[in-house]
Amino acid sequence: MSKRRQSLVTALLSLLVLHAPTRATLQGGAAKVNITPPVGVWLSGYGGRDKPSDGIVDELYARALVLNDGSNSVALVSVDLLWVPLQMTQKIRAMIEQKTGIPGPGVMICSTHTHFGPRLYSKTTLGSHVEGNTVDDAYVQTLTKKIVDAVFLAHRDMKDVRLGANRSELAEIVYHRRPRNDDGSVTMAFTLPASVLATREIIRDDNGQVRVTFTDPPGQPLRTYGPIDPDLWVLRVESTAGDLLGSMVNYACHAVSGSRYPDWFYSISADFPGETTRVVEGVEGGVCLFTSGAAGDIVPLKRGKAPRYQIGRALAGATIKSLQFVPMSNAMDLDARTMTIDIPLK
């Protein structure tokens with residue numbers, strides 16, 4: 001296929017930590033709103049689904065964290081969805097600006113990338129051959145307002161806060177699903193048998209890349225497993241008394257851990273990010289946002305009913321550990337920027 005160039009609009013929000021003791025006190029607020037759709041909506045994430053959803057495993061949420069340094073306000077929004085269409089993002093930003101005054105470029109909207117959330121956009125060939133596979137427009141309208149509500153509630157209840165970030169690594173729960181063969185070709189390895197998983201090794205190449213590798217059975221072509229992104233970033237927002245108000249975790253892995261459990265294939269779920277945020281909120285308090293890193297071909301080590309919870313709790317445990325003893329500060333400036341990036345496509 002010939003190369004084309006497509007404009008990809010992405011919102012990049014950076015929190016610039018600057019020592020500025022004369023600035024106004026940093027303020028923050030966090031909130032979450034239930035966005036679970038009605039049973040019967042069609043789900044996004046797999047083109048092979050031939051019927052609408054028939055159950056709910058766990059509920060979906062929109063979570064928001066709003067920060068203000070006395071001059072600028074920013075909003076971080078995480079939603080339990082596969083993706084958020086640009087048209088919806090633009091509408092949500094405009095509504096947030098109208099209701100809170102936070103400028104559109106200062107609002108970052110991220111999906112957790114669950115493959116068990118509602119279909120939101122009709123202009124796609126995935127599943128179009130299935131009769132009745134349509135978007136629930138009434139739900140989409142309600143969803144849009146609820147995402148705005150999450151930001152509005154977080155903005156309404158802001159208080160003096162301190163902010164800090166931390167980085168750790170977690171490589172044990174993922175691998176690269178597109179290993180390269182000796183002849184240079186690649187094959188997809190969406191899942192691996194238990195005998196292969198038992199050979200797992202985590203190595204760091206000379207160039208610093210981390211790879212999770214496996215030994216395939218004798219007689220099979222030698223396969224080289226590609227790199228993963230082991231970085232686990234956390235953001236901690238606490239009150240002046242030290243109580244956790246909000247947190248955010250960023251990690252790169254496709255939210256598909258439940259896809260090998262047939263009873264859940266047509267059920268609404270936040271997948272492992274939902275379990276991660278539930279555990280963190282239950283242990284630490286506050287509102288925990290999950291944002292997906294650049295997952296690419298990075299997938300969960302295992303899939304199924306039990307692995308969905310195992311992976312979610314393992315990530316939650318690493319997050320809770322990383323949230324402890326974070327250097328905190330209320331002396332900082334906030335800045336937000338939006339930019340357009342041209343990316344060549346095959």
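Every value quoted in this text rests on a predicted model; they were computed, and no experiment measured them.
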Salt bridge check: are E169 and R167 linked by an N-O gap of less than 4.0 Å?
yes
Is it the case that the ring center of Y46 lies less than 6.0 angstrom away from the ring center of F265?
yes
For K145, I'd like to know if atom NZ has over 12 heavy atoms of other residues, nucleotides or ligands within 6.0 Å.
no
Are any non-hydrogen side-chain atoms of F272 and F290 less than 4.5 angstrom apart?
yes
Under 3.5 Å side-chain donor-acceptor pair for T291 and N250
yes
In this structure, is the centre-to-centre distance between the rings of W83 and Y121 below 6.0 Å?
yes
Ignoring hydrogens and geometry beyond distance, is a side-chain donor-acceptor pair present between N68 and Q27 at under 3.5 Å?
no
Using a 6.0 Å cut-off, check whether atom CD of Q98 has over 12 heavy atoms from anything other than its own residue.
no
Rounded to the nearest 0.5 Å, what separates atom OH in Y309 from atom CZ in R278?
8.0 Å
Are R119 and D136 close enough for a salt bridge, meaning some N to O gap below 4.0 Å?
no
Any luck finding a side-chain donor-acceptor pair between R303 and S259 under 3.5 Å?
yes
Step through the shown structure and confirm whether more than 12 heavy atoms of other residues, nucleotides or ligands are within 6.0 Å of NZ on K305.
no
Using only heavy-atom distances, determine whether the side chains of R308 and S269 contain a donor-acceptor pair under 3.5 Å.
yes
Please check if the number of heavy atoms outside E201 that lie under 6.0 Å from its CD is greater than 12.
no
Interatomic distance, CG@D149 vs CG@N34, rounded to 0.5 Å, equals 12.0 Å
Any side-chain heavy-atom pair of Y266 and I268 under 4.5 Å:
no
In the structure I gave you, are the side-chain heavy atoms of N181 and T224 within less than 4.5 Å of one another anywhere?
no
Can you name the nearest heavy-atom pair linking T112 to S78, along with the distance?
CG2-OG, 3.6 Å
If you count the non-hydrogen atoms of other residues, nucleotides and ligands that lie under 6.0 Å from CZ in R313, is the total more than 12?
yes
Straight-line distance of N72 CG to L67 CG, nearest 0.5 Å:
11.5 Å
What I want to check is whether the side chains of T25 and N330 have a donor and an acceptor closer together than 3.5 Å.
no
Within the 4.5 Å heavy-atom criterion, are K302 and R260 side-chain neighbours or not?
no
Non-hydrogen atoms of S53 and P38 that approach each other most closely
OG-O, 4.2 Å
Are any of the side-chain heavy atoms of L26 and R162 separated by less than 4.5 Å?
no
We want to know whether R223 and Y225 form a side-chain donor-acceptor pair, criterion being a heavy-atom distance below 3.5 angstrom.
yes
Sidechain N-carboxylate O distance under 4.0 Å for K159, E238
no
E284 vs S247 side-chain heavy atoms within contact, under 4.5 Å
no
Note, T114 side chain near P273 side chain (heavy atom, < 4.5 Å):
no
Closest non-hydrogen atom pair between V151 and I102, with its separation
CG1-CD1, 4.2 Å
Do other residues, nucleotides or ligands put more than 12 heavy atoms under 6.0 Å from W233 CH2?
no
Think R49 forms a cation-pi with F116, using NZ or CZ under 6.0 Å from the six-ring centre and within 45 degrees of its axis?
yes
Could you tell me the separation between the CD atom of Q220 and the OG1 atom of T215, rounded to the nearest 0.5 Å?
11.5 Å
To which residues is Y61 joined in a hydrophobic cluster, defined by side-chain heavy-atom contacts under 4.5 Å among Ile, Leu, Val, Met, Phe, Trp and Tyr, whether direct or through other members?
none
